[in-house]
2 protein chains.
Amino acid sequence: MAPPKPTDTALADPSPWRSPAQRGRDRALKREAVLKAAARLFNEKGFHATSLDDVARQLNVTKPTLYHYFRSKDDVLFECCRMGLEMIEAAAAPGPGSSASGLERLRALMEQYAQAMTMDFGMSITRTPDTALSPENRAELRRLKSQIDRALRGVIQSGIEDGSIAPCDVRTAAFAIAGALNAIAHWYRPGGPLAPAEIARQTADFLIQGLAPRAPKRRQPRR
Amino acid sequence: MAPPKPTDTALADPSPWRSPAQRGRDRALKREAVLKAAARLFNEKGFHATSLDDVARQLNVTKPTLYHYFRSKDDVLFECCRMGLEMIEAAAAPGPGSSASGLERLRALMEQYAQAMTMDFGMSITRTPDTALSPENRAELRRLKSQIDRALRGVIQSGIEDGSIAPCDVRTAAFAIAGALNAIAHWYRPGGPLAPAEIARQTADFLIQGLAPRAPKRRQPRR
DNA sequence: CCATAAAGTTACTCATGAGTAACATCCATT
DNA sequence: AATGGATGTTACTCATGAGTAACTTTATGG
C-alpha cells in the first residue's frame with residue numbers, strides 16, 4: 001500500500017516556509033512536475049492505459065489536485081506534446097542569419113530533433129496518437145507540427161539551392177527525415193548501447209550519406 | 001431457369017442458397033470484412049475512439065454478431081496488424097536465392113514495405129499504439145516485427161558485404177529506414193498528389209541516394 | 001422432419017476512469 | 001483575529017463501451 005519508492009521528482013527542496021515571490025514559482029514547478037510524471041507514464045503505458053489517478057499517485061497527491069493545474073487529462077497530454085514540439089521548433093527556428101550551408105544547418109536541425117525524441121516530452125509527440133486529443137488541441141498541435149515541417153522543408157530547399165543538398169522531392173524528403181527521426185522515440189531506451197548524441201549523429205549521417213556507396217575520392221580510371 | 005451449379009468463386013452473385021463448401025468460405029469472407037471495416041475505422045478515428053458498435057454499424061449488423069468472429073476488440077486489432085505485418089514479411093522473406101545485389105533486394109523490400117503502409121492493414125501497424133493490446137498479443141506482434149527487423153538488417157548486411165551498400169551501423173540504418181517507411185502511414189492520404197507506387201519509389205530513392213549530392217557522372221563501383 | 005449448430009437480435013451487466021462537490025488547511029493580507 | 005484565495009482531501013456522479021445472457025431464426029445433415 002505504501003509507495004515502495006517515493007519518486008521525488010524535482011521537488012527536493014525541504015524549506016518549509018516559502019518566500020512571497022517563491023510561491024508563484026512553486027506553482028510553475030509543480031505544474032511541470034505533473035507534466036513530467038504524466039509524460040513518463042503516457043510513454044511507458046500508453047495514454048489510455050494511464051489514469052490520472054496513476055499520475056497523481058506517482059506524485060503523492062490525489063487526482064483532484066491535478067485539476068488545480070490542468071483543466072482535463074486532454075490538456076495534460078497536449079501540454080506534454082507542446083513542450084516537445086517547442087524543443088524541436090527552437091532547433092528549427094534559428095534564422096538564416098548563419099553563414100552555414102543548407103546541409104550543415106539541416107544536420108544541426110536533425111541532430112537536435114533526434115535528441116529531443118529521446119526525452120520524455122519529445123517522445124510524447126509520437127508515442128500518443130493525436131486522436132486522443134480534443135479537436136481544438138489536435139488542431140493546435142497540427143499547426144505546430146506543420147510549422148516544423150515548413151521549417152524543415154525550407155532548410156532542405158535552401159540546401160538544394162546552394163548545392164549542398166542533392167535535388168530531390170522536398171516534400172517526400174522532409175517526411176522521410178521526420179519519420180526516421182520520430183522513430184527514435186519508439187526504439188530508444190535509456191539503458192541501450194547508444195547515447196542520445198550518438199543516435200543523433202548516426203541517424204543524421206545515414207540520412208546524409210544514403211545507402212549507396214559513394215565513389216572514392218580519386219577519380220575512377222575509365223574502364 | 002434452374003440455376004446451374006454455381007462456381008464457388010467469390011463473384012458478386014447474391015444467390016440465396018449457399019453451396020456446402022461455400023459456407024465456410026462465407027465465414028472467412030465475413031471475418032475479413034469485419035477486419036477491413038475495423039482497420040479503416042481504427043485508422044481514421046483511432047482505436048480507442050472507435051467502439052465495436054461503430055464497426056458493427058458500418059457492416060449493418062449489431063455488436064454481438066462480431067463476437068461470433070472474434071473473441072475481443074483486442075483480437076480484432078491484433079488480426080489487423082498481423083495481416084499488415086504478413087504483407088511486409090512476404091516482401092522481406094524471399095530467400096537469398098536471387099542473384100540480385102543487396103541494394104537491389106533492399107530497394108524491392110523498401111518499395112513493397114512502403115506500399116503496404118498505404119493500405120488499411122499496413123497502416124494499422126503504426127497508427128495504433130501497441131499499448132492497446134493485451135500482453136500476449138503485444139508480445140506476438142513484437143515477435144513478428146522483430147522478425148521483419150532481422151530480415152531488413154540481413155539484407156543491409158549482405159549489401160554491405162557485396163559492396164552495393166555503404167558500410168554503416170546496420171542497426172541504426174534499419175531503424176531509420178523502417179521509421180521513414182512507417183511514417184508513410186501517417187501522411188499518405190488516398191486523394192493526395194502521389195500514388196502509392198510513386199511514394200514508394202521516391203522514398204526508396206531518397207534513402208538510397210542520401211541528402212548529400214553525389215559526384216557527377218561517376219561510374220558505379222564494381223561489384 | 002426433426003435435432004442441432006450457426007448466425008443474428010434485443011436487452012442487459014458491470015468495470016473503469018474522467019470529472020465534480022463539498023469540505024478542510026494553510027498562508028498572506030487587511 | 002477575520003477574510004479570502006490558493007491547495008489539497010474524501011467521497012461521490014455519471015457516461016461510455018466492452019462483453020454476456022437469453023432468445024429467435026435459418027438451414028444442414030442424419
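Sequence lines set the chain letters: A, B, ... in the order given, protein chains first and strands last, and positions in each chain run from 1.
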What's the OH-P distance between A:Tyr67 and C:dA21, to the nearest Å?
13 Å
Take the protein atom CG of A:Asp26 and the nucleotide atom P of C:dA28, then report the distance between them rounded to whole Å.
11 Å
Count the heavy atoms of every other residue, nucleotide or ligand shown that sit under 6.0 Å from CZ of A:Arg71, and state whether that count exceeds 12.
no
Thinking salt bridges, do B:Asp149 and B:Arg153 make one under a 4.0 Å N-O criterion?
yes
Give a yes/no verdict on a cation-pi contact between B:Lys73 and B:Tyr67, requiring under 6.0 Å between NZ or CZ and the six-membered ring centre and an angle within 45° of the axis.
no
Residues touching DNA chain C, which here means a heavy atom under 4.0 Å, drawn from residues 32-63 of chain B
B:Val61, B:Thr62
Residue B:Arg27, side-chain atoms from C-beta onward, closest of D:dT9, C:dA7, C:dT9
C:dA7
Ionic contact status for A:Glu104 with A:Arg107, cut-off 4.0 Å
no
Heavy-atom contacts under 4.0 Å between residues 68-75 of chain B and DNA chain C, which residues?
B:His68, B:Tyr69
Relative to each other, are the rings of B:Trp187 and A:Phe175 parallel, tilted or perpendicular (30° and 60° limits)?
parallel
Are A:Arg201 and A:Asp205 within salt-bridge range, i.e. N to O under 4.0 Å?
yes
Any carboxylate oxygen within less than 4.0 angstrom of a Lys/Arg side-chain nitrogen, looking at B:Lys36 and B:Glu32?
no
Can you tell which of C:dG8, C:dT10, C:dT20 lies closest to the side chain of A:Pro64?
C:dT20
A:Thr65 side chain to A:Val61 main-chain N or O, any donor-acceptor pair under 3.5 Å?
no
Rounded to the nearest angstrom, tell me the gap between atom NZ in B:Lys30 and atom C1' in C:dA7.
7 Å
